[in-house]
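Please read the structure below before turning to the comments.
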Amino acid sequence: MPSQFPPRPRVQGSGDDDTRVLALDDADADDVFDVLAARTRREFLASLYEEPSTTSDLADRHDTSLQNTSYHLEKLQEAGLVEVAGTWYSEQGTEMNVYAPTNAGLVLFAGGEESKSVLTRALTRLFGAVALVAVLGVLVQGLVTRLPLGAPASSEADAGGGQVSTMAVSTADTQPSLLDRAVEFLSQPGVEAFLLGTGVLLVLFALWYARVYRPRRGRAA
């Protein structure tokens with residue numbers, strides 16, 4: 001696992017909010033397909049979509065050499081799929097380039113220019129709606145954390161004072177497991193609101209694609 005010291009600031013690609021829709025007959029389609037024909041480059045690109053990384057981080061993650069990693073990153077850059085998005089520093093103070101995808105997503109598309117435009121707009125709206133749902137989730141979480149939860153029942157605490165203190169000591173020594181923490185995180189109102197909203201948006205998009213876009217595309221063909 002890569003070291004997190006010195007601290008690594010967040011980086012993102014220049015087109016992090018845009019989805020690239022690549023039609024089969026686009027001028028640069030051949031370059032992209034040639035680059036992605038190599039399995040290693042597809043794996044590198046997928047890793048960079050998960051999180052931006054340095055050359056050494058990618059090499060460690062995929063158990064390959066720095067020379068091999070640099071070669072594949074150069075090919076991905078030439079095809080416009082990744083870019084140097086920032087700079088991190090190693091523990092020795094060495095400056096390292098951080099690579100990230102140039103776009104928020106990559107969609108390979110077959111069809112006419114009009115259909116491509118419709119799909120591009122639909123995907124842009126979908127990602128915009130997901131971002132809005134994320135903001136609403138943060139607001140919901142903020143509201144909930146500010147709501148008064150009520151004072152504890154002092155009478156019960158006084159009645160069983162010795163027992164309560166004993167339980168407090170015993171439970172303090174118990175550390176929650178990773179699963180418990182994950183369940184606790186997912187059960188937060190803001191996270192639940194985000195997951196529910198995103199799920200609804202994906203279902204609506206799937207219905208639109210199946211019932212509107214595909215039939216229209218079939219008639220156009």
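These values consider heavy atoms only, across backbone and side chains, with no hydrogens, waters or symmetry-generated copies.
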Quiz: residues 125-141 side-chain donor-acceptor pairs under 3.5 angstrom, not counting sequence neighbours:
unit_1: Q141; atom_1: OE1; unit_2: G190; atom_2: N; d: 2.8
unit_1: Q141; atom_1: NE2; unit_2: Q188; atom_2: OE1; d: 3.1

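Salt bridge annotation for R61-E51: present, with a cationic side-chain nitrogen under 4.0 angstrom from a carboxylate oxygen.
Under the side-chain hydrogen bond (donor to acceptor under 3.5 Å, both in side chains) criterion, E43 pairs with R39, not counting sequence neighbours. Legend: residues meeting side-chain hydrogen bond (donor to acceptor under 3.5 Å, both in side chains) with E95, ordered by chain and number and at least two apart, are Y89. The salt bridge (charged side-chain N to carboxylate O under 4.0 Å, His left out) test applied to E192 returns no partner, not counting sequence neighbours. Considering only residues two or more places apart in sequence or on other chains, S65 meets the side-chain hydrogen bond (donor to acceptor under 3.5 Å, both in side chains) condition with none of them. Taking the ring-ring contact (aromatic ring centres under 6.0 Å, His included) definition, one finds that F44 meets it with H62, H72, sequence neighbours left out. Legend: residues meeting side-chain hydrogen bond (donor to acceptor under 3.5 Å, both in side chains) with S56, ordered by chain and number and at least two apart, are T54. Residues satisfying the side-chain contact (heavy atoms from CB on, under 4.5 Å) criterion with D180, sequence neighbours excluded, are P176, S177. The ring-ring contact (aromatic ring centres under 6.0 Å, His included) test applied to F205 returns W208, not counting sequence neighbours.
Residue L178 places its CG atom among 12 or fewer non-hydrogen atoms of other residues, nucleotides or ligands, all under 6.0 Å distant.
With values rounded to the nearest 0.5 angstrom, N97 atom CG is found 11.5 Å from W88 atom CH2. From R41, atom CZ reaches atom CG of D34 across 9.0 Å, with rounding to the nearest 0.5 Å. Atom CG of D57 sits about 9.0 Å away from atom OG1 of T55, to the nearest 0.5 Å. Note that CG of L58 and CG of L66 are 10.0 Å apart. Values are rounded to the nearest 0.5 Å. If you take OG1 on T40 and CG on L45, they are separated by 12.5 Å, rounding to the nearest 0.5 Å. We find the CD-OH distance between Q67 and Y71 to be 11.0 Å, quoted to the nearest 0.5 Å.
Cluster annotation: V144 is not connected to L196 through the hydrophobic network of ILVMFWY side chains, with a link wherever side-chain heavy atoms come within less than 4.5 Å. Under a hydrophobic-cluster definition in which Ile, Leu, Val, Met, Phe, Trp and Tyr are linked whenever side-chain heavy atoms come within less than 4.5 Å, directly or via other members, L195 and L202 are assigned to the same cluster.
Listed by first and then second residue, the side chain to side chain donor-acceptor pair (under 3.5 Å) pairs that reach into residues 193-205 come to none, sequence neighbours excluded.
The shortest side-chain heavy-atom distance between L48 and L73 falls under the 4.5 Å cut-off. No side-chain heavy atom of V98 sits less than 4.5 Å from a side-chain heavy atom of V84. Looking at D31 and V35, their side chains never come closer than 4.5 Å, going by heavy atoms from C-beta outward. At a threshold of 4.5 Å between non-hydrogen side-chain atoms, the residues P101 and L81 do not count as touching.
Hydrophobic cluster of V203: the remaining members, joined at side-chain heavy-atom separations below 4.5 Å, are L207, listed by chain and number. Listed by chain and number, the hydrophobic cluster partners of L179 are V183, where partners are ILVMFWY side chains within reach of under 4.5 Å, directly or through others.
Considering all non-hydrogen atoms of both residues, G80 and T102 come closest at O-OG1, 2.7 Å. A79 approaches V32 most closely through the heavy-atom pair O-CG2, 4.0 Å.
Put simply, the side chain of R42 gets close to the backbone of L36: a donor and an acceptor are under 3.5 Å apart. At distances below 3.5 Å, not a single donor-acceptor pair connects side-chain atoms of Y99 with backbone N or O atoms of G86. In this structure, S187 contributes its side chain and E184 its backbone to a donor-acceptor pair below 3.5 Å. Between the side chain of T94 and the backbone N or O of S90 there is no donor-acceptor pair closer than 3.5 Å.
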